[in-house]
Q: 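Take a look at the following structure, please.
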Amino acid sequence: MNILIQLSHPAHFHLYKNVAKGLRMDGHQVLFVIKSKDILEDLLVNAGLPYVNINQHAHRGSKLGILWDMIVRDWRMVQLCRKHKIDLLTGSTPEVAQVGWLLRKKVVNTTEDDAAIIGAVIKAMQPFLQCILTPMSCETGVLEGRTVHYPGFQKLAYLHPNQFKADSEVVIRNGIDPNKPYFLMRFAKLNAHHDAGVSGISTVIAHRLIQMLTPHGNVYITSERELEPEFEQYRLRIKPLDIHHVMAYATLYIGDSQSMANEAAMLGIPSLRFNDFVGNKKIGVMEEMEHRYGLTYGISSHEPEKLYAVVEELLTMPHLREEFQRRRWKMLSEKIDVTAFLTWFIEEYPNSIDAVRGADDKFWKRFQ
């Protein structure tokens with residue numbers, strides 16, 4: 001098959017990078033299509049993967065601009081599908097569903113966001129959707145009849161032990177001693193369509209956290225937004241593809257990014273996410289990671305004192321790393337290698353829909 005994969009966020013690159021490799025090994029042709037978003041293009045360049053950028057200069061600040069961008073991406077994808085004789089499209093965007101419907105091609109959409117979080121995306125996708133793959137903990141609302149749930153998390157597509165082995169040499173190459181405690185902080189832009197009105201770690205809170213952490217180890221900050229001058233000394237200057245190796249050896253992660261908090265949890269690193277999503281909008285994946293497996297902590301941005309208290313509790317917890325690795329392995333024992341599953345699902349689609357909906361425990365074990 002000729003397969004088009006659309007990426008609109010760095011997390012989607014990680015979701016599909018190993019899937020694309022597996023598909024190519026099985027003889028399929030894969031075309032990556034992207035829009036400019038944060039470090040997405042850098043990730044593809046650093047990985048040496050060819051791609052086509054169909055939306056370099058996105059319009060911001062108006063609904064009309066967002067709609068126009070989507071129409072432009074639709075048209076450019078239609079042209080690419082015809083040029084490359086695409087048989088199947090996959091990705092996490094409405095455009096994948098829209099273009100697939102327009103050209104009568106097979107489409108596999110993916111998401112790990114609940115319908116309550118991505119309402120605008122759901123509306124743009126609903127009339128055109130064939131099927132959407134999502135973790136069992138996600139709620140897709142009006143799309144439920146076309147949803148295929150699986151026992152896993154999207155981030156296990158690249159952080160499952162079958163797909164990722166942390167390399168201490170990568171950490172050392174970035175000037176960090178993996179054998180000494182250090183802490184990773186993340187400041188997100190919080191400017192995505194679902195981030196409207198959401199706040200996170202302020203300058204005052206960042207100062208307090210650094211004061212708490214530095215007696216116990218070095219602090220490194222990775223930031224999407226512009227850093228205040230006083231925080232520049234903590235900035236982590238790193239190749240985008242190295243971040244998960246650095247994360248895997250960290251003592252603790254704190255940030256206002258949902259994605260990186262989830263990634264740290266997948267690696268068995270205690271993670272704290274501090275933003276307005278917590279308590280206001282239910283995020284199924286994060287709820288499961290927090291309340292079933294105890295790998296992450298969600299704290300509302302209205303409760304900074306609670307944030308400090310949890311940090312202090314973790315800093316004084318005996319055998320912190322060993323305990324969280326134990327929790328991680330419990331989670332992994334109940335989940336699948338999502339890369340193996342998604343590769344199979346795409347290759348067997350649409351027959352794979354019925355196979356999954358009738359699946360038993362024996363079926364899922366083949367992907368562990």
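Residues take their numbers from the sequence shown, with the count starting at 1.
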Q: Is any side-chain heavy atom of Leu227 less than 4.5 Å from a side-chain heavy atom of Tyr234?
A: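 Side chain of Leu227 against side chain of Tyr234, heavy atoms only: no contact under 4.5 Å found.
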Q: Would you give the length of the straight line joining atom CZ of Phe274 to atom NZ of Lys306, rounded to the nearest 0.5 angstrom?
A: 10.5 Å
Q: What I want to find out is whether Glu169 reaches Arg173 closely enough, with some N-O distance under 4.0 Å, to be called a salt bridge.
A: no
Q: Quick check on Lys330: does its NZ atom have over 12 non-hydrogen neighbours (other residues, nucleotides or ligands) under 6.0 Å away?
A: yes
Q: Kindly write out the residues that satisfy side chain to side chain contact (heavy atoms under 4.5 Å, CB included) with Glu228, not counting sequence neighbours, or none if the list is empty.
A: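 So Glu228 forms a side chain to side chain contact (heavy atoms under 4.5 Å, CB included) with Thr203, Glu230, Phe231.
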Q: Using 4.0 Å as the upper bound for N to carboxylate O, is an ion pair formed by Glu322 and Arg326?
A: no
Q: Give the intermediate values and the outcome of salt bridge (Lys or Arg N to Asp or Glu O under 4.0 Å) for residues Glu263 and Arg186.
A: CA-CA 12 Å; Glu263 288 174 334; Arg186 171 70 166 178; over 6 Å; no
Q: Just list the side-chain donor-acceptor pairs under 3.5 Å for residues 17-26, sequence neighbours left out, or say none.
A:
| unit_1 | atom_1 | unit_2 | atom_2 | d |
| --- | --- | --- | --- | --- |
| Lys17 | NZ | His14 | ND1 | 3.2 |
| Asn18 | ND2 | Gln163 | OE1 | 3.4 |
| Arg24 | NH2 | Val30 | O | 3.1 |

Q: Can you tell whether the side chains of Arg273 and Glu290 come within less than 4.0 Å, N to carboxylate O?
A: yes
Q: Answer with yes or no whether the hydrophobic clustering places Ile34 together with Ile71; edges join I, L, V, M, F, W, Y residues whose side-chain heavy atoms lie under 4.5 Å apart.
A: no
Q: In terms of relative ring orientation, are Phe153 and Tyr293 parallel, tilted or perpendicular, with 30° and 60° separating the classes?
A: perpendicular
Q: Can you give me every donor-acceptor pair (side chain of residues 210-219, partner residue at least two apart or in another chain, under 3.5 Å) with its distance?
A:
| unit_1 | atom_1 | unit_2 | atom_2 | d |
| --- | --- | --- | --- | --- |
| Thr214 | OG1 | Ile210 | O | 2.9 |
| Asn218 | ND2 | Tyr220 | OH | 3.4 |

Q: Decide if atom CG of Asp360 counts as having more than 12 heavy atoms of other residues, nucleotides or ligands within a radius under 6.0 Å.
A: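 Yes, the 6.0 Å shell around CG holds more than 12 heavy atoms from other groups.
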Q: With a 4.5 Å cut-off on side-chain heavy atoms, are Arg73 and Asp69 touching?
A: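 SC-SC contact between Asp69 and Arg73 confirmed.
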Q: Count the heavy atoms belonging to other residues, nucleotides or ligands that lie under 6.0 Å from NZ of Lys362, then report whether that count exceeds 12.
A: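 Atom NZ in Lys362 is not packed in, count stays at 12 or less.
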Q: Out of the candidates Glu41, Lys35, His12, only one should pair with Leu7 under the side-chain contact (heavy atoms from CB on, under 4.5 Å) rule; please name it.
A: His12
Q: Around Gln233, counting heavy atoms of other residues, nucleotides and ligands shown, do more than 12 lie under 6.0 Å from its CD?
A: yes
Q: Can you tell whether the side chains of Arg237 and Glu232 come within less than 4.0 Å, N to carboxylate O?
A: yes
Q: Side-chain heavy atoms nearer than 4.5 Å, only ILVMFWY residues, links allowed to pass through others: does that put Phe363 and Leu156 together?
A: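 In one cluster: yes.
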Q: Does the side chain to side chain contact (heavy atoms under 4.5 Å, CB included) test come out yes or no for Leu236 and Ile243, once each step is laid out?
A: CA-CA 10 Å; Leu236 180 63; Ile243 187 62; 4.1 Å; yes
Q: Could you label the plane-to-plane angle of the His244 and Phe164 rings as parallel, tilted or perpendicular, counting under 30° as parallel and over 60° as perpendicular?
A: perpendicular
Q: Could you walk me through whether Met247 and Met260 pass the side chain to side chain contact (heavy atoms under 4.5 Å, CB included) check?
A: CA-CA 9 Å; Met247 183 183 287; Met260 287 193 72; 3.3 Å; yes
Q: Let me check something: do Val99 and Met70 share a hydrophobic cluster, defined by ILVMFWY side-chain heavy atoms less than 4.5 Å apart, either directly or through other members?
A: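 Unlinked, Val99 and Met70 end up in two clusters.
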Q: Do the side chains of Leu159 and Trp329 join up, straight or via other hydrophobic residues, at under 4.5 Å, putting them in one cluster?
A: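 Shared cluster, yes.
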Q: With no hydrogens and no angle check, is any side-chain donor or acceptor of Thr296 less than 3.5 Å from a backbone partner on Ser271?
A: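 Looks like yes, one N/O pair under 3.5 Å.
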Q: Would you check if Tyr308 and Leu209 make a side-chain contact, meaning some heavy-atom pair closer than 4.5 Å?
A: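 In short, these two side chains touch, coming nearer than 4.5 Å.
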Q: Between Glu287 and Arg292, does any NZ, NE, NH1 or NH2 come within less than 4.0 Å of an OD or OE carboxylate oxygen?
A: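 Between Glu287 and Arg292 there is no salt bridge, as every charged N stays at least 4.0 Å from the carboxylate O atoms.
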Q: Applying side chain to side chain contact (heavy atoms under 4.5 Å, CB included), run through Asn262 and Glu112 and close with a yes or a no.
A: CA-CA 11 Å; Asn262 201 2; Glu112 64 173 356; 4.1 Å; yes
Q: Would the Trp364 and Phe341 ring centres measure less than 6.0 Å apart?
A: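 Yes; Phe341 has its ring centre under 6.0 Å from that of Trp364.
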Q: Could you tell me the separation between the CD1 atom of Ile118 and the OG1 atom of Thr111, rounded to the nearest 0.5 Å?
A: 4.0 Å
Q: Run the side chain to side chain contact (heavy atoms under 4.5 Å, CB included) check on Val170 and Tyr249 step by step: do they pass?
A: CA-CA 11 Å; Val170 175; Tyr249 284 92; over 6 Å; no
